[in-house]
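Every chain is numbered from 1, with letters handed out A, B, ... down the list of sequences. Quick caveat: nothing in here was measured; it's all calculated off a predicted structure.
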There are 2 protein chains.
Amino acid sequence: MTRSAAAPVLPDDVPPPAAPLVPAGLEQDVGYRLRLAQILSYRSFEDRVTGYGAAPRYLGLLALIDGNPGESQSRLAEAVGLQRSSLVTILDRLEADGILAREAVEGDRRSKAVTLTDRGRQVTAELRALAAESEARALDGLDAATRATLVAALDRIIANLR
Amino acid sequence: MTRSAAAPVLPDDVPPPAAPLVPAGLEQDVGYRLRLAQILSYRSFEDRVTGYGAAPRYLGLLALIDGNPGESQSRLAEAVGLQRSSLVTILDRLEADGILAREAVEGDRRSKAVTLTDRGRQVTAELRALAAESEARALDGLDAATRATLVAALDRIIANLR
DNA sequence: AGGAGAATGTTCGTCGTCGAACAGTTCTTC
DNA sequence: GAAGAACTGTTCGACGACGAACATTCTCCT
């Protein structure tokens, strides 16, 4: 990073690529990177995908319902790290869009079983493919072993904080 | 997940620990984990720290200003992954709290140089210590090599998406 | 010079998320 | 069995972040 004493030959009419700012004292902080990586990753995915309404933002939720049909709203909320109350609005919209359905569950008249519709499953599948593309860009340059370590480490963090 | 044919010996009056739900098709997805880990990590930190007003939420920003005093709002916003317009409100409050200051920069009357006050530096230092505690909990069980790989991988992801 | 274009910080309307409350239902415990 | 606690989904008010505008200032070109 230190500019060598030997002046560069080419005229630097091109400004240096604006060395990324580094937070003092958080040089090794994981939380800081976690937040930044998440914001950028999310944005890059949403910018790339259009025409699916609110679904892309909630792909994680949709995949969760897909893999665990009939689950209650409470458990879904906890699994995706959202508040029960927040989930209500989200499910309202996705239900209005014909992507999922809330059905009565026999044996407990309080809770509702959340399920994907056929259309919901199709939309989820398409979004999954787009997410995979987006993720490939994000993970470019990381070999398989590093990716595996990354996934395992994140899982451990999630488990520690749950 | 399939229940073995051999019935468990102990009476399971204790319900199974509610096996965490897994999103179908995203079993290896990094974006999903990134978001979840970030939400939980953030929440755990904010729950643990009280009495600092709005500062904890913006520790990353404060550390950034601490390490790069005099930087413009635009560059700060980009570095921390926020919108320029969002940063205005945040800086307004932190400035009102006496944590930072916006000074005129000579040579460009558009931009303003953001700096920490003495009090701001002290608050940042205290929050940094608290963040380190919180992070220790999150990273429990990960050895030094794994942590280093994690940090490097996140840095790479951030660089790829920037 | 001088005018088009870009960059800076800012305001404003919109929307998503939270947290505290609530009514209805189920569980627990005496 | 009946009352109290615990859980379900829900509503409502408060607040944060966004995106599109804007006025001001700077830069670049010819």
Side-chain angles (χ1 to χ4, degrees), chain A residues 13-15 18 35-36 38-40 42-47 50 53-61 65 70-97 100-115, chain B residues 13-15 18 35-36 38-40 42-47 50 53-61 65 70-97 100-115:
Chain A
D13 41 6
V14 175
R35 174 167 142 284
L36 196 46
Q38 191 271 332
I39 291 178
L40 295 177
Y42 231 65
R43 219 195 299 271
S44 127
F45 176 55
E46 282 194 330
D47 286 355
T50 97
R57 166 169 254 148
Y58 303 113
L59 171 58
L61 173 62
I65 301 172
E71 210 63 55
S72 77
Q73 301 186 192
S74 290
R75 296 204 53 200
L76 290 176
E78 194 214 347
V80 296
L82 284 183
Q83 231 59 28
R84 285 202 318 279
S85 59
S86 306
L87 203 60
V88 173
T89 321
I90 298 170
L91 295 185
D92 282 348
R93 185 157 13 147
L94 293 174
E95 190 173 19
D97 289 354
L100 55 82
R102 293 187 251 212
E103 303 166 7
V105 42
E106 58 179 340
D108 192 337
R109 281 186 293 179
R110 292 173 301 179
S111 61
K112 305 180 177 177
V114 182
T115 319
Chain B
D13 41 6
V14 175
R35 172 166 145 285
L36 196 46
Q38 192 271 335
I39 291 178
L40 295 177
Y42 231 67
R43 220 195 298 271
S44 126
F45 176 55
E46 282 194 329
D47 286 354
T50 99
R57 167 169 253 149
Y58 303 114
L59 171 58
L61 174 62
I65 301 173
E71 209 64 53
S72 77
Q73 301 185 193
S74 291
R75 294 205 53 200
L76 289 177
E78 193 215 347
V80 77
L82 284 182
Q83 231 59 27
R84 284 201 321 276
S85 59
S86 306
L87 203 59
V88 173
T89 322
I90 297 170
L91 295 184
D92 282 349
R93 185 158 13 150
L94 293 174
E95 190 173 19
D97 289 354
L100 54 82
R102 292 187 251 212
E103 304 165 6
V105 42
E106 57 179 342
D108 192 337
R109 282 187 292 180
R110 291 173 302 179
S111 63
K112 306 180 176 177
V114 182
T115 319

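At whole-Å resolution of the value, CD in Glu78(A) and C1' in dC18(C) are 17 Å apart. Residue Glu103(A) contributes atom CD, which lies 17 Å from atom C1' of dT8(D) at whole-angstrom precision. The nearest whole Å value for the distance from the OH atom in Tyr42(A) to the C1' atom in dT17(C) is 12 Å. Atom P of nucleotide dG16(C) and atom CG of Leu61(A) are separated by 14 Å, given to the nearest angstrom. Look at CG on Leu76(A): it is 16 Å from C1' on dT10(D), rounded to the nearest Å. When rounded to the nearest whole Å, the span between CZ of Arg109(A) and C1' of dC7(D) equals 15 Å. Atom-to-atom, CG of Leu36(B) to C1' of dT17(C) comes out at 16 Å; the value is rounded to the nearest Å.
At the phosphate of dG19(D), OP1 or OP2 sits under 4.0 Å from a side-chain N or O atom of Gln83(B). Tyr58(A) has a side-chain polar atom (N or O) that falls below the 4.0 Å cut-off from OP1 or OP2 of dT17(C).
In this view, Asp97(B) satisfies the salt bridge (Lys or Arg N to Asp or Glu O under 4.0 Å) rule with no residue, not counting sequence neighbours. Every residue two or more places apart in sequence or in another chain was checked for a salt bridge (Lys or Arg N to Asp or Glu O under 4.0 Å) with Arg109(B), and none qualifies. Residues passing the side chain to side chain donor-acceptor pair (under 3.5 Å) test with Ser44(A), sequence neighbours excluded: Ser134(A). In this view, Ala54(A) and Tyr58(A), Arg93(A) satisfy the side chain to side chain contact (heavy atoms under 4.5 Å, CB included) rule, not counting sequence neighbours. In this view, Glu78(A) satisfies the salt bridge (Lys or Arg N to Asp or Glu O under 4.0 Å) rule with no residue, not counting sequence neighbours. Partners of Arg110(A) according to the salt bridge (Lys or Arg N to Asp or Glu O under 4.0 Å) rule, which considers only residues two or more places apart in sequence or in another chain, are Asp108(A). The side chain to side chain contact (heavy atoms under 4.5 Å, CB included) test applied to Leu36(B) returns Ile158(A), Arg162(A), Tyr32(B), Leu40(B), not counting sequence neighbours.
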Please list, for nucleotides 13-15 of chain D, all pairs of protein and nucleotide N/O atoms separated by less than 3.5 Å.
none

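The shortest side-chain heavy-atom distance between Val80(A) and Ile39(B) does not fall under the 4.5 Å cut-off. Between Leu82(A) and Leu76(A) the shortest side-chain heavy-atom distance does not fall below 4.5 Å.
When heavy atoms are screened at a 4.0 angstrom cut-off, Leu82(B) is found touching the sugar-phosphate backbone but no base atom. Residue-level contact check: Leu87(A) touches neither bases nor backbone, having no heavy atom under 4.0 Å from any strand.
The shortest heavy-atom contact between Arg35(B) and Gln38(A) is CA-CG, 3.3 Å.
Sequence neighbours left out, not one pair with a member in residues 79-90 of chain A passes salt bridge (Lys or Arg N to Asp or Glu O under 4.0 Å).
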N/O donor-acceptor pairs under 3.5 Å from side chains in residues 100-107 of chain A, not counting sequence neighbours:
{"unit_1": "Arg102(A)", "atom_1": "NE", "unit_2": "Glu95(A)", "atom_2": "OE1", "d": "3.0"}
{"unit_1": "Arg102(A)", "atom_1": "NH1", "unit_2": "Gln73(A)", "atom_2": "OE1", "d": "3.1"}
{"unit_1": "Arg102(A)", "atom_1": "NH2", "unit_2": "Asp92(A)", "atom_2": "OD1", "d": "2.2"}
{"unit_1": "Arg102(A)", "atom_1": "NH2", "unit_2": "Glu95(A)", "atom_2": "OE1", "d": "3.3"}

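Between Gly107(A) and Thr89(A), it is Thr89(A) whose nearest contact on DNA chain C lies nearer the 5' terminus.
Annotation: the terminal axes of the helix from dA1(C)-dT30(D) to dC30(C)-dG1(D) meet at 30°, where each axis is the rotation carrying the C1' atoms of four end pairs onto the next four (5 pairs per end, rounded to 10°).
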(message) Protein within reach of the bases, or only the backbone? For nucleotides 4-10 of chain C, mark each nucleotide 5' to 3' as B, S or -, using heavy atoms under 4.0 Å.
(response) ---BBBB
